[in-house]
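In listed order, ligands and their atoms are each counted from 1.
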Amino acid sequence: MTRILFYLDEPGKDVWRPAFEAAMPGVEFLDYPDWGSPDDGPAYAFAWEPELGLIAKYPNIRAVFSLGAGVDHITRDPSIPADLPIIRMSDDGLKEGMAEFVLMTVLMHHRYMPRMMTAQRNRNWQRLFPKRARNVRVGILGYGALGIACAQALKPLGYELAAWSRTTKPAEAGIQHFAGTEQFNDFLARTDILVGLLPSTPETTGLLNKDTMALMPKHASIINVGRGTLVDLDDLVALLDNGHLSGATLDVFAEEPLAADNPLWNHEKINITPHIASITRPETAAEYVTKNIGRIEAGLQPENVLDRARGY
Ligand code: NAP
Ligand code: GLV
């Protein structure tokens with residue numbers, strides 16, 4: 001029998017038990033704090049932002065499954081043993097959700113939707129004429145599981161697509177690839193709408209700052225759906241206020257939730273969503289965890305294990 005130690009401190013978490021029971025008949029699904037004793041036998045943790053020190057108290061945990069694609073909410077805990085596998089979520093539900101959100105927000109920026117909504121509130125019949133999609137250069141920062149899913153969703157609309165990653169990628173029709181620090185500036189210089197889909201690592205922290213964002217074309221816009229640490233928000237606001245950038249959609253923040261008195265909420269060129277670009281969906285995630293536990297128990301390497309040296 002498989003034992004799952006579940007940790008999620010959010011309303012609505014009751015949906016997870018039935019999803020695991022359907023995917024893993026006979027599963028022992030233990031919702032924190034009812035994790036039992038560390039001597040109870042092998043278990044797998046499935047967690048989002050577990051309390052500091054908690055995982056290390058259970059040496060019977062064979063692997064920690066992140067409830068999301070990101071793992072910063074787990075690796076913030078230095079007491080987690082260095083040899084304990086941490087496995088990232090990469091299920092179809094997460095990819096579909098991100099593709100939908102990015103498609104929606106790219107279209108919003110392309111079609112001036114935030115300005116249209118402001119105009120409506122002001123009863124202002126303001127007609128704006130967008131470029132054809134083929135003349136809009138979308139750049140995806142981070143071309144992993146989610147970046148690829150977003151590119152696939154955007155391609156049929158004809159956008160001029162590019163992607164930036166750490167390592168080089170094979171040539172691909174309809175996408176211009178950029179890789180590594182040396183090609184970062186060229187990527188920025190050709191990008192009208194930037195989609196941030198990078199993990200939070202020391203290398204990606206503060207990558208979008210006043211110097212780098214200033215390299216983007218005038219009136220470019222930023223959509224950040226990876227992690228909040230990517231963007232220096234003071235620099236972003238300065239570039240929006242001086243008119244260099246035209247708008248931003250921010251779904252993720254270095255400190256979450258964003259404080260109610262944060263002035264970003266009222267910035268007319270910023271759209272804020274509360275880290276919901278893609279929510280892990282119980283059905284597809286439970287199937288993904290089941291499959292991966294099957295691999296571990298068959299003595300195979302699980303998929304999407306965090307590479308601690310890379311940070312993702
Ligand atoms: P992934 O498959 O690991 O892809 C990460 C991409 O980032 C890869 O293309 C990687 O390059 C690139 N990268 C990492 N470090 C880099 C660096 N220093 N320079 C250049 N490129 C770098 O991850 P994923 O599944 O697509 O998820 C991406 C992130 O999205 C997650 O880490 C999470 O933070 C975020 N996320 C947010 C939400 C939300 O609701 N807002 C939902 C899910 C995920 P290589 O290809 O060369 O390795
Ligand atoms: C969400 O932010 C995730 O990492 O999946």
Side-chain angles (χ1 to χ4, degrees), residues 8 10 46-50 64-76 86-102 104-105 139-153 162-170 172 175 177-188 191 194-208 212 222-231 248-254 256-258 271-282 284-285 288-289 303-312:
L8 176 65
E10 274 201 6
F46 179 58
W48 180 266
E49 213 169 337
V64 180
F65 285 87
S66 165
L67 214 134
V71 287
D72 38 310
H73 62 101
I74 293 173
T75 55
R76 70 188 182 117
I86 297 175
I87 299 172
R88 308 176 38 219
M89 185 54 61
S90 194
D91 66 313
D92 288 345
L94 201 61
K95 292 176 203 167
E96 283 164 17
M98 188 57 83
E100 288 162 10
F101 188 89
V102 166
M104 171 183 77
T105 47
I140 305 175
L141 202 52
Y143 199 59
L146 300 178
I148 292 170
C150 294
Q152 293 308 322
W164 183 73
S165 49
R166 193 176 54 84
T167 56
T168 51
K169 304 289 172 210
E172 182 185 345
I175 301 233
H177 284 294
F178 294 82
T181 322
E182 54 292 350
Q183 293 182 1
F184 186 52
N185 291 356
D186 290 343
F187 168 84
L188 292 175
T191 294
L194 180 146
V195 178
L197 259 171
L198 287 169
S200 181
T201 68
E203 290 75 28
T204 62
T205 297
L207 208 51
L208 292 184
T212 54
I222 307 249
I223 296 165
N224 190 24
V225 283
R227 281 293 182 264
T229 48
L230 175 70
V231 189
T249 294
L250 304 175
D251 181 62
V252 283
F253 298 85
E256 295 181 2
L258 187 66
N271 311 307
I272 289 174
T273 50
H275 200 144
I276 45 70
S278 188
I279 300 300
T280 305
R281 305 184 198 222
T284 50
Y288 173 83
V289 173
E303 290 172 2
N304 285 309
V305 178
L306 165 69
D307 177 333
R308 298 204 189 193
R310 280 187 334 185
Y312 66 97

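Using a 4.0 Å cutoff on heavy atoms, Ser90 does not count as a contact of ligand 1. Heavy-atom distances between His73 and ligand 2 stay at or above 4.0 Å for every pair.
Counting heavy atoms closer than 4.0 Å to ligand 2, residue Met89 contributes nothing at all. Proximity of Leu146 to ligand 1, defined as any heavy-atom pair under 4.0 Å, is shared by backbone and side chain alike. When heavy-atom distances to ligand 1 are checked against a 4.0 Å cut-off, Thr181 has no atom that comes that close, whether in backbone or side chain.
When hydrogens are left out, the protein atom nearest atom 5 (O) of ligand 2 is Ala69 N, 2.7 Å; that is the closest non-hydrogen contact. Of the protein's heavy atoms, Leu198 CD2, 3.7 Å lies nearest to atom 12 (C) of ligand 1. Counting protein heavy atoms only, atom 2 (O) of ligand 2 is closest to His275 NE2, 2.5 Å.
Remark: ligand 1 atoms within the under-4.0 Å shell around heavy atoms of Pro199 are 5 (C), 7 (O), 14 (C), 32 (O). Distances below 4.0 Å separate heavy atoms of Gly144 from the following atoms of ligand 1: 1 (P), 2 (O), 4 (O), 6 (C), 8 (C), 9 (O), 26 (O). Taking every heavy atom of Ala277 and a limit of under 4.0 angstrom, the matching atoms of ligand 1 come to 39 (C), 40 (O), 41 (N). Near Lys169, meaning under 4.0 Å from any of its heavy atoms, are these atoms of ligand 1: 45 (P), 46 (O), 47 (O). If you number the atoms of ligand 1 from 1 as listed, the ones under 4.0 Å from a heavy atom of His275 come out as 39 (C), 40 (O), 41 (N). Near Glu203, the atoms of ligand 1 lying under 4.0 angstrom from a non-hydrogen atom of the residue are 18 (N).
For Ser200 and Thr229, the side-chain atoms include at least one donor-acceptor pair closer than 3.5 Å.
Of the N or O atoms in Ala145, one or more lie within a sub-3.5 Å distance of an N or O in ligand 1. Considering backbone and side-chain N/O atoms, Leu94 never comes within less than 3.5 Å of an N/O atom of ligand 2.
Here the shortest heavy-atom pairing between Arg88 and Tyr288 reads O-OH, 2.6 Å.
In this pair, His73 and Trp48 present their aromatic rings parallel. The plane angle is below 30°, not in the 30 to 60° band.
Looking only at distances, a side-chain donor or acceptor of Ser278 sits under 3.5 Å from a matching main-chain atom of Leu94.
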